[in-house]
Enquirer: 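After the structure tokens below, expect a handful of questions from me.
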There are 2 protein chains.
Amino acid sequence: MTTRETIIDTADHLIRSNGFNAFSFKDISNKIGIKTASIHYHFPTKSDLGVATIKEHIERFEYLKKEFENKSPLQKLNGFLSIYSQIKSENKVCLVGSLATDLNTVEDSIKNELKNFAELVLLWVTEILTEGKKQKMFEFQTTPRTKALMIITNILAIVQLSRLTQAEDFDIVKEAIIKDLRPHI
Amino acid sequence: MTTRETIIDTADHLIRSNGFNAFSFKDISNKIGIKTASIHYHFPTKSDLGVATIKEHIERFEYLKKEFENKSPLQKLNGFLSIYSQIKSENKVCLVGSLATDLNTVEDSIKNELKNFAELVLLWVTEILTEGKKQKMFEFQTTPRTKALMIITNILAIVQLSRLTQAEDFDIVKEAIIKDLRPHI
DNA sequence: GTCTATATTCCGATAGAC
DNA sequence: GTCTATCGGAATATAGAC
């Protein structure tokens with residue numbers, strides 16, 4: 001991994017663990033053994049680093065989509081939800097949730113890149129649901145896009161909320177999402 | 001309103017607009033025309049102010065519960081969801097969502113008070129759903145507590161997510177929550 | 001590319017006068 | 001209760017040597 005990639009990975013960890021405004025170049029410096037001035041060589045400003053972190057997520061997301069290309073809608077949805085299981089197990093939150101709550105404090109470059117990412121996620125889940133309904137694998141009454149909003153908000157927020165209620169609530173909600181789509185099972 | 005109350009109200013606004021780590025005593029100082037040293041007289045530390053802000057929300061929540069005591073489950077649920085309509089119209093997020101994403105960076109005093117608040121909210125929505133099912137006003141398959149988790153996560157996260165997708169998505173999700181509970185309508 | 005050194009600004013918090 | 005003044009520390013960012 002290049003230094004640039006290591007910086008992005010560390011920033012990603014810190015943003016989703018502590019929030020954008022709570023992490024500093026010094027944190028990264030301490031973690032990976034490089035001076036803050038050197039981080040500025042790779043990313044002139046903190047916003048540049050923020051944008052690069054979102055772009056990294058977009059790339060990983062596109063890769064995941066490709067991996068599931070020929071799988072069933074149920075497998076795809078489980079693949080999507082598993083991203084959040086990983087996040088939960090690391091006691092983090094997702095990038096969209098972390099930055100959305102800080103949205104009024106970040107530069108437009110970050111805001112716009114995050115909008116791109118959120119749109120990609122919403123589109124994919126909408127596609128999965130459309131395909132699943134067509135194959136009679138999923139049942140739901142709303143439009144696929146609305147159902148995608150319901151599912152994404154469920155999983156995005158239970159990562160946050162189960163920090164306060166009970167950790168098991170994450171799996172309870174994850175399973176309820178699937179069960180709701182497959183009442184015939 | 002006392003100075004103390006004005007400080008809490010301003011802190012509440014700033015926490016939900018910008019996040020706990022992005023707001024400062026200087027922000028409050030500028031907004032209400034009092035020096036930061038005077039804020040420290042009322043709240044020795046920033047954490048003390050954070051805790052007081054959550055306690056204020058708990059009080060307001062208990063008051064709202066009382067107001068809806070003799071209303072129908074549907075009216076109660078609409079009352080609950082309307083809190084978020086207000087939040088959305090102010091371009092803020094809810095206190096639980098804002099602090100949950102910053103949870104790893106705040107002191108235990110804040111963490112514990114926020115857990116109390118989240119538990120209260122979850123209990124009330126669970127009660128509303130239990131009552132609504134008993135009266136055959138609501139239909140759902142899971143336990144009332146699980147359904148409460150689904151609804152709370154929907155509304156908590158669509159406030160955040162609709163900042164990135166489309167503002168109208170908030171109302172779409174809010175209406176879908178009600179429609180899902182009342183498929184016979 | 002990475003370093004040292006530093007500029008500038010802001011933060012939470014405290015002491016003590018009024 | 002509110003003020004002035006200040007401390008100690010941390011933040012983002014830059015200049016320039018290596």
Side-chain angles (χ1 to χ4, degrees), chain A residues 1-54 56 98-99 101-111 113-114, chain B residues 1-54 56 98-99 101-111 113-114:
Chain A
M1 201 153 44
T2 64
T3 301
R4 186 192 147 88
E5 285 167 339
T6 307
I7 294 169
I8 291 176
D9 262 28
T10 311
D12 172 47
H13 162 71
L14 290 166
I15 291 171
R16 292 189 297 114
S17 289
N18 300 339
F20 188 76
N21 291 309
F23 99 89
S24 71
F25 279 38
K26 193 84 183 82
D27 293 331
I28 299 179
S29 166
N30 292 337
K31 280 224 175 198
I32 68 177
I34 191 176
K35 298 295 168 182
T36 61
S38 307
I39 302 172
H40 280 284
Y41 167 79
H42 296 280
F43 305 97
T45 71
K46 192 177 178 180
S47 292
D48 292 327
L49 176 52
V51 170
T53 304
I54 302 169
E56 172 69 23
S98 175
L99 290 174
T101 59
D102 293 335
L103 207 71
N104 290 335
T105 73
V106 300
E107 285 184 9
D108 282 349
S109 57
I110 291 181
K111 208 179 294 194
E113 199 63 48
L114 193 66
Chain B
M1 201 153 44
T2 65
T3 301
R4 186 192 146 88
E5 286 167 339
T6 308
I7 293 169
I8 291 176
D9 263 27
T10 312
D12 172 46
H13 161 72
L14 289 166
I15 291 170
R16 294 189 296 115
S17 287
N18 300 339
F20 188 77
N21 292 308
F23 99 88
S24 70
F25 280 37
K26 193 85 184 83
D27 293 331
I28 298 179
S29 167
N30 292 336
K31 279 224 174 199
I32 69 178
I34 191 176
K35 297 297 167 181
T36 61
S38 308
I39 302 172
H40 279 285
Y41 167 80
H42 296 279
F43 306 97
T45 69
K46 192 178 178 180
S47 293
D48 293 327
L49 177 52
V51 170
T53 304
I54 302 169
E56 172 69 24
S98 176
L99 290 175
T101 59
D102 292 336
L103 207 71
N104 291 335
T105 73
V106 301
E107 284 184 9
D108 282 348
S109 56
I110 292 181
K111 208 180 293 195
E113 200 62 48
L114 193 66

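Labels below follow one simple rule: chain letters A, B, ... track the order of the sequence lines, proteins then strands, and each chain is numbered from 1. Since this is a predicted model, take the numbers as computed values, not measurements.
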Enquirer: Rounded to whole Å, please give me the gap between CZ in A:Phe25 and P in D:dT14.
Expert: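 It is 10 Å, rounded to the nearest whole Å.
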Enquirer: Determine yes or no for a side-chain-to-main-chain donor-acceptor pair under 3.5 angstrom, with B:Asp27 supplying the side chain and B:Ser24 the backbone.
Expert: yes
Enquirer: Take atom CD1 of A:Ile7 and atom C1' of C:dT2, then tell me their distance rounded to the nearest Å.
Expert: 11 Å
Enquirer: So, the side chain of B:Thr101 versus the backbone of B:Ser98: is there a donor-acceptor pair under 3.5 Å, distance only?
Expert: yes
Enquirer: State which of C:dG1, D:dT2, C:dT14 makes the closest approach to the side chain of B:Ala37.
Expert: C:dT14
Enquirer: Relative to each other, are the rings of A:Phe23 and A:Phe25 parallel, tilted or perpendicular (30° and 60° limits)?
Expert: parallel
Enquirer: For B:Lys46 and C:dC10, what is the distance between atoms NZ and C1' respectively, to the nearest whole Å?
Expert: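 Atom NZ in B:Lys46 sits about 12 Å away from atom C1' in C:dC10.
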Enquirer: OP1, OP2 of C:dT2 versus side-chain N and O of A:Tyr41: anything below 4.0 Å?
Expert: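 Result: no.
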Enquirer: Quick one: A:Asp48 CG to D:dT12 C1', roughly how many Å, whole number?
Expert: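 Roughly 12 Å, once rounded to whole Å.
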Enquirer: Within the pair B:Lys35 and D:dT2, is there a side-chain N or O less than 4.0 Å away from OP1 or OP2?
Expert: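 So the side chain of B:Lys35 is outside the cut-off, no N or O lying under 4.0 Å from OP1 or OP2 of D:dT2.
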Enquirer: Can we say A:Asp12 and A:Arg16 salt-bridge, meaning some charged N sits less than 4.0 Å from an Asp/Glu carboxylate O?
Expert: yes
Enquirer: Is B:Phe43 touching bases, backbone alone, or none of the nucleic acid, heavy atoms closer than 4.0 Å?
Expert: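 No contact at all - B:Phe43 keeps every heavy atom at 4.0 Å or more from the nucleic acid.
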Enquirer: If you round to the nearest 0.5 Å, how far is CG of B:Asn21 from NZ of B:Lys46?
Expert: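 Result: 5.5 Å between the selected atoms.
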Enquirer: How many whole angstroms separate atom CD1 of A:Ile39 from atom C1' of C:dT4?
Expert: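 After rounding, the gap between these two atoms is 15 Å.
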Enquirer: Does C:dC11 have OP1 or OP2 sitting under 4.0 Å from an N or O in the side chain of B:Ser24?
Expert: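 Indeed, a polar side-chain atom of B:Ser24 lies that close.
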Enquirer: When the distance from NE2 of B:His40 to C1' of D:dT2 is rounded to whole Å, what number comes out?
Expert: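 After rounding, the gap between these two atoms is 14 Å.
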Enquirer: Take atom CD1 of A:Ile28 and atom C1' of D:dA11, then tell me their distance rounded to the nearest Å.
Expert: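 Answer to the nearest Å: 13 Å.
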Enquirer: Please tell me if A:Lys26 has a side-chain N or O lying less than 4.0 Å from either OP1 or OP2 of D:dA10.
Expert: no
Enquirer: Can you measure B:Asp27 atom CG to C:dC10 atom P for me and round it to whole angstrom units?
Expert: 11 Å
Enquirer: On DNA chain C, does the nearest nucleotide to A:His42 precede the nearest nucleotide to A:Thr36 from the 5' side, or the other way round? Give the residue.
Expert: A:His42
